[in-house]
*Asks:* 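I have a structure here, written as structure tokens, and I will follow up with some questions on it.
Throughout, residue positions are numbered sequentially from 1 according to the sequence presented. The shown structure was predicted, so the numbers you read here are calculated from the model rather than taken from an experiment.
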Amino acid sequence: MEVDTKAKKTRQSPDTETLLSLTQEIAHLGHWHWYIDDQRIIWSDELYRIAGVTKDTFDLSIDKIKKLVPRSDIGLLMQGFQRAILEQKDYDMEFRLLRPDGDVRHVNCVGRVTTNHDGDVTELYGILQDVTERVEREQELRRAKEDAEKAYAAKSQFLANMSHELRTPLNAVIGFSEMMERELFGELGHEKYKGYVQGIKKSGEHLLDLISDILDMSKIEAGKYELHMEELKLSEIIESVTQIIFGRSKDSGISVNISMQNQETSIRADRRAITQILLNLLSNAVKFTKSGGRVTVQCFERTDYVLLRVIDTGIGIPANKLPYVMHPFEQVSHQYERGHEGSGLGLAITKELVELHGGYIHIESYVDQGTTVSIRLPYVASGDLENDANWEKQQMSPFLKSKKSA
């Protein structure tokens with residue numbers, strides 16, 4: 001086989017200096033060298049491009065370079081060099097360059113010193129990289145974060161104000177409808193009126209619950225939810241909460257059971273918050289459990305904390321939804337939303353209230369098998385209870401264990 005030698009082209013690799021220049025241009029990075037004794041400074045070609053000057057018109061010296069640096073950054077630059085000379089250590093600093101055309105570039109300077117046989121610093125050298133794009137992106141992200149925080153704060157304030165404004169007339173609507181329902185000042189007349197009044201009252205109470213959830217969430221997000229600590233006997237709170245939902249559970253054909261390890265178990269916590277935590281969990285358990293099911297409230301004493309569990313035999317939560325169920329306004333599943341009204345804030349508020357006490361909440365659930373919500377609360381609310389990564393596995397409810405194994 002004949003080889004056409006004429007078709008061959010001789011490949012010549014660029015020399016080292018050319019390769020270095022190309023690499024620096026791509027990286028927007030150049031090198032420099034400063035001889036301290038005679039003030040001489042050497043720049044690579046890329047540094048001239050970064051500074052917006054040319055070799056022919058720009059005489060390299062410390063005084064000339066200072067004119068390229070904004071006055072507010074000169075002190076930072078010279079202090080960095082002085083510290084490097086005195087401490088004889090590597091240095092890393094960021095400052096700005098003001099080009100002759102008015103453009104401002106942000107640069108990062110990294111370098112080190114060279115000493116003579118007497119240990120005196122004779123030279124400084126290093127690299128300087130144009131990091132303007134990175135700095136501008138960081139500034140944009142910072143501004144966006146600040147704008148988002150302001151918008152979020154404004155939203156929370158708006159919701160809080162609106163919630164207060166709406167609660168006042170709603171309380172009046174509920175109060176008057178209750179008076180009419182009881183016929184305190186005489187009979188209403190037509191039988192249908194009683195049904196209408198009951199509908200007004202029920203709708204008003206439902207709307208008031210939604211508004212109360214929004215108000216509580218706004219307070220928590222704004223850091224204005226205050227805990228009022230007192231000694232609480234948990235058996236009393238659990239019994240009072242089960243009494244509140246008794247009518248609803250009875251109408252739905254659901255049994256509610258209480259299992260206390262010790263009837264005298266007590267903690268120091270906020271009464272309203274603990275009541276709301278249990279009420280939210282029990283309401284959810286009853287809401288998402290079908291007729292003939294059961295809901296169980298358990299309370300156990302541990303060395304450093306009290307363990308509360310609310311277990312139901314309800315519809316369960318899909319695995320792909322579990323990571324999000326405690327996010328504000330999150331609904332469990334589209335197929336379950338239609339039959340169950342709510343703000344989507346119950347579990348989010350519960351989680352925040354538990355954590356305000358220094359506690360921890362964990363949810364396990366299997367579709368069509370049930371859900372177990374476990375809450376760990378310190379005996380004295382402190383806000384610094386450490387979360388144990390293995391706790392979730394250790395506390396798996398016996399009910400769900402048996403269901404899973406089956």
Side-chain angles (χ1 to χ4, degrees), residues 216-217 220 223 225-242 256-285 288 295-312 314 316-317 321-328 330 345-366 370-404:
D216 285 338
M217 198 68 207
I220 291 170
Y225 194 104
E226 296 181 1
L227 299 179
H228 302 282
M229 303 302 178
E230 60 178 294
E231 200 73 19
L232 304 177
K233 192 174 179 181
L234 286 177
S235 60
E236 294 177 355
I237 293 181
I238 292 172
E239 287 172 7
S240 67
V241 171
T242 54
V256 179
N257 307 299
I258 300 174
S259 175
M260 296 284 300
Q261 181 185 19
N262 182 358
Q263 290 290 330
E264 302 302 317
T265 299
S266 63
I267 60 174
R268 185 167 179 77
D270 182 280
R271 179 180 295 275
R272 178 175 176 270
I274 299 301
T275 300
Q276 188 170 3
I277 288 169
L278 287 168
L279 187 57
N280 287 347
L281 295 181
L282 280 169
S283 296
N284 273 353
F288 295 105
V295 174
T296 304
V297 185
Q298 297 178 340
C299 179
F300 302 95
E301 291 183 344
R302 298 290 187 258
T303 304
D304 300 317
Y305 58 88
V306 171
L307 176 63
L308 294 172
R309 285 201 190 108
V310 176
I311 307 168
D312 67 62
I317 303 169
K321 288 287 184 178
L322 268 177
Y324 311 106
V325 292
M326 287 187 282
H327 291 185
E330 184 69 30
L345 288 173
L347 283 176
I349 292 173
T350 299
K351 177 178 180 291
E352 295 292 340
L353 293 178
V354 169
E355 291 179 353
L356 279 175
H357 282 78
Y360 183 67
I361 182 172
H362 172 62
I363 300 177
E364 296 172 40
S365 189
Y366 300 93
T371 299
T372 293
V373 182
S374 300
I375 293 175
R376 184 173 63 178
L377 292 170
Y379 286 99
V380 178
S382 59
D384 59 359
L385 189 65
E386 183 180 353
N387 290 339
D388 182 357
N390 296 320
W391 181 75
E392 301 176 2
K393 296 180 181 178
Q394 295 170 357
Q395 302 304 327
M396 181 180 286
S397 69
F399 167 70
L400 287 181
K401 276 186 177 179
S402 61
K403 283 285 187 180
K404 190 175 181 181

*Asks:* Between A273 and H357, which heavy-atom pair has the shortest distance, and what is it?
*Replies:*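 Looking at all heavy atoms of both residues, the shortest contact is CB-CE1, 3.6 Å.
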
*Asks:* Would you give the length of the straight line joining atom CG of N284 to atom CD1 of I363, rounded to the nearest 0.5 angstrom?
*Replies:* 8.5 Å

*Asks:* So, does H362 use its side chain to make a donor-acceptor pair with the main chain of R376 at under 3.5 Å?
*Replies:*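 Judged by distance alone, no pair lies under 3.5 Å.
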
*Asks:* Testing the basics here: between T371 and S365, what is the closest heavy-atom pair and its distance to 0.1 Å?
*Replies:* OG1-OG, 2.6 Å

*Asks:* What residues form a side-chain contact (heavy atoms from CB on, under 4.5 Å) with S259, not counting sequence neighbours?
*Replies:* Q298

*Asks:* Going from CD on E239 to NZ on K233, what distance comes out if it is rounded to the nearest 0.5 angstrom?
*Replies:*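 E239 CD to K233 NZ: 8.5 Å, rounded to 0.5 Å.
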
*Asks:* Does T296 have any side-chain hydrogen bond (donor to acceptor under 3.5 Å, both in side chains) partners at least two apart in sequence or in another chain, and if so, which?
*Replies:* none

*Asks:* From R272 CZ over to L279 CG, what is the distance, rounded to the nearest 0.5 angstrom?
*Replies:* 11.0 Å

*Asks:* Contact between S266 and L232 at the side-chain level, heavy atoms closer than 4.5 Å - yes or no?
*Replies:*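 The answer is no, as the side chains (C-beta and beyond) never meet within the 4.5 Å cut-off.
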
*Asks:* What's the separation between atom CE in M260 and atom CG in L308, rounded to the nearest 0.5 Å?
*Replies:* 8.0 Å

*Asks:* The criterion is side-chain hydrogen bond (donor to acceptor under 3.5 Å, both in side chains); which residues satisfy it with E226, sequence neighbours excluded?
*Replies:* none

*Asks:* Is there a side-chain contact (heavy atoms from CB on, under 4.5 Å) between L377 and Y305? Walk through the geometry before answering.
*Replies:* CA-CA 5 Å; L377 292 170; Y305 58 88; 5.9 Å; no

*Asks:* Show the nearest heavy-atom pair for residues L307 and R309, with the distance to one decimal.
*Replies:*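 In terms of heavy atoms, the two residues are closest at CD2-NH2, 3.8 Å.
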
*Asks:* How long is the straight-line distance from NZ of K351 back to CG of L356, given to the nearest 0.5 Å?
*Replies:*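 Rounded to the nearest 0.5 Å, the CG-NZ separation comes out at 10.0 Å.
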
*Asks:* Run the side-chain contact (heavy atoms from CB on, under 4.5 Å) test on L281 and I277 for me, step by step, so that the C-alpha distance in whole Å, both residues' side-chain angles and the decisive distance to 0.1 Å come before the verdict.
*Replies:* CA-CA 6 Å; L281 295 181; I277 288 169; 4.3 Å; yes

*Asks:* Any chance you could lay out the side-chain contact (heavy atoms from CB on, under 4.5 Å) test for L234 and I274, step after step, and finish with the verdict?
*Replies:* CA-CA 9 Å; L234 286 177; I274 299 301; 4.3 Å; yes

*Asks:* Testing the basics here: between A285 and V310, what is the closest heavy-atom pair and its distance to 0.1 Å?
*Replies:*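 For A285 versus V310, the nearest heavy atoms are CB-CG1, 4.1 Å.
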
*Asks:* Holding to salt bridge (charged side-chain N to carboxylate O under 4.0 Å, His left out), I want the full list of residues that pass it with E231, two or more places apart in sequence or in another chain.
*Replies:*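 Partners of E231 under the salt bridge (charged side-chain N to carboxylate O under 4.0 Å, His left out) test: none.
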
*Asks:* Once you round to the nearest 0.5 Å, how far does OG1 of T265 lie from CD of Q263?
*Replies:* 8.0 Å

*Asks:* By side-chain hydrogen bond (donor to acceptor under 3.5 Å, both in side chains), which residues pair with T350, not counting sequence neighbours?
*Replies:* N280

*Asks:* Report the residues that fulfil side-chain hydrogen bond (donor to acceptor under 3.5 Å, both in side chains) with R268, sequence neighbours left out, ordered by chain and then residue number.
*Replies:*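 Expected list: none.
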
*Asks:* So, for V306 and C299, which heavy atoms are closest and what is the spacing to 0.1 Å?
*Replies:*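 Of all heavy-atom pairs spanning V306 and C299, the closest is CG1-SG, 3.8 Å.
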
